[in-house]
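Here the structure comes first, spelled out in structure tokens, and everything after it is commentary.
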Amino acid sequence: MTKKLLTVKVNGRTIEKAVEPRILLIHFLREDCQLTGAHIGCDTSHCGACTVDLDGRSVKSCTHLAVQCEGSDVLTVEGLAKGPVLHAVQEGFYREHGLQCGFCTPGMLMRAYRFLQENPDPTETEVRVGMSGNLCRCTGYQNIVKAVLHAAAKLQQTAREAA
Ligand code: FES
Ligand code: FES
């Protein structure tokens, strides 16, 4: 099939690449960009292991074509930390033991990153609903909820200090 030239910004870096129109964003990220943090856990758009941030929204990258992202800004788990400094959501998952095998974690982190911008001071129930597009086989979710609440508190503290 004829390839189309795709220009997209991924983690702040502009990438230009010819891709087949049928290529999914998750495969573009993993195979063309070597960003293998986002995972594939299903073929029915349920698990959210492939979640990335696309133009300020959480999207399941297995359900987007790469060519649909022409001119877009994509953030993946590899772009969350600033040098050696973890983002608050990463620190939260680490501190609260919000991961075991780690397969769901990149998707969880990217969803938590966006969720806490949508709702900076969530209740436990709001966290559970807000993260409900992401499945985990290991943790039973309890520590993931704690991790997101930990990150919310840290981000609020940082905002207070900056004010
Ligand atoms: S791989 Fe399961 S929702 Fe994308
Ligand atoms: S930590 Fe294993 S699937 Fe979530």
Side-chain angles (χ1 to χ4, degrees), residues 1 4 6 8-11 15 17 19-81 86-119 122-155:
M1 196 179 283
K4 283 192 68 171
L6 169 66
V8 60
K9 206 180 255 189
V10 182
N11 298 337
I15 296 180
K17 186 134 184 120
V19 295
E20 285 186 27
R22 67 180 181 86
I23 295 297
L24 298 172
L25 177 58
I26 182 71
H27 290 129
F28 174 75
L29 292 171
R30 290 180 55 83
E31 289 155 30
D32 290 306
C33 305
Q34 283 78 50
L35 295 169
T36 55
H39 291 135
I40 301 165
C42 72
D43 57 10
T44 49
S45 307
H46 282 87
C47 76
C50 61
T51 303
V52 299
D53 207 74
L54 174 67
D55 295 331
R57 290 191 310 142
S58 298
V59 304
K60 293 179 174 179
S61 60
C62 71
T63 314
H64 268 65
L65 297 169
V67 292
Q68 287 177 295
C69 303
E70 171 63 33
S72 288
D73 228 316
V74 179
L75 184 70
T76 73
V77 71
E78 290 88 349
L80 274 185
L86 294 181
H87 188 278
V89 292
Q90 295 171 305
E91 187 189 306
F93 274 69
Y94 170 62
R95 295 266 174 224
E96 301 292 348
H97 306 283
L99 64 142
Q100 290 177 37
C101 78
F103 194 87
C104 72
T105 313
M108 289 283 182
L109 290 170
M110 295 317 297
R111 176 59 194 138
Y113 166 81
R114 179 53 52 191
F115 171 67
L116 290 177
Q117 293 178 59
E118 295 163 356
N119 185 348
T123 64
E124 176 177 337
T125 302
E126 287 168 344
V127 171
R128 288 183 185 276
V129 173
M131 301 291 294
S132 60
N134 292 72
L135 303 183
C136 175
R137 292 296 295 270
C138 303
T139 64
Y141 300 100
Q142 193 63 29
N143 285 357
I144 289 178
V145 175
K146 286 188 199 167
V148 176
L149 292 172
H150 182 119
K154 169 95 195 265
L155 289 168

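Each ligand, and each atom within it, is numbered from 1 in the order the structure gives. As the structure is a computational prediction, the values presented were derived from the model and not from experiment.
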Distance filter under 4.0 Å to K60 heavy atoms, resulting ligand 1 atoms: 3 (S)
Pick out which of L135, V127, V129 makes a side chain to side chain contact (heavy atoms under 4.5 Å, CB included) with M131. V127
If you look at every heavy atom in C136 and Y141, which pair is closest and at what distance? N-OH, 2.8 Å
For V145, is there any backbone N or O sitting under 3.5 Å from a side-chain donor or acceptor partner on E124? no
Does the shortest distance from atom 4 (Fe) of ligand 1 to an N/O/S atom of C42 fall below 2.8 Å? no
Any atoms of ligand 1 less than 4.0 Å from a non-hydrogen atom of S45? List them with their elements. 3 (S)
Atom 1 (S) of ligand 2: closest protein heavy atom, distance to 0.1 Å, is Q100 N, 3.2 Å
Rounded to the nearest 0.5 Å, what separation is found between the CG atom of L25 and the NZ atom of K60? 14.0 Å
Does C138 put an N, O or S atom under 2.8 Å from atom 4 (Fe) of ligand 2? no
Interfacing atoms of ligand 2 (cut-off 4.0 Å, heavy-atom, R137): 3 (S)
Show which atoms of ligand 2 fall inside a sub-4.0 Å distance from at least one heavy-atom site of G102. 1 (S), 2 (Fe)
Below 30° counts as parallel, above 60° as perpendicular, anything between as tilted: where do the rings of H39 and F103 land? parallel
Are the side chain of N134 and the backbone of G107 linked by a donor-acceptor contact shorter than 3.5 Å? yes
Gap separating the CG atom of L54 from the CZ atom of R114, nearest 0.5 angstrom: 10.5 Å
Going by the atom numbers of ligand 2, which of them fall below 4.0 Å from some non-hydrogen atom of C136? 1 (S), 3 (S), 4 (Fe)
Ranked by distance from atom 3 (S) of ligand 1, the top protein heavy atom is G48 N, 3.2 Å
Indicate if the distance from atom 4 (Fe) of ligand 1 to the nearest N, O or S atom of C47 falls below 2.8 Å. no
Which atoms from ligand 1 have a heavy atom of G41 less than 4.0 Å away? 1 (S)
With the threshold set at 4.0 Å, does a side-chain nitrogen-carboxylate oxygen contact exist between E118 and R57? no
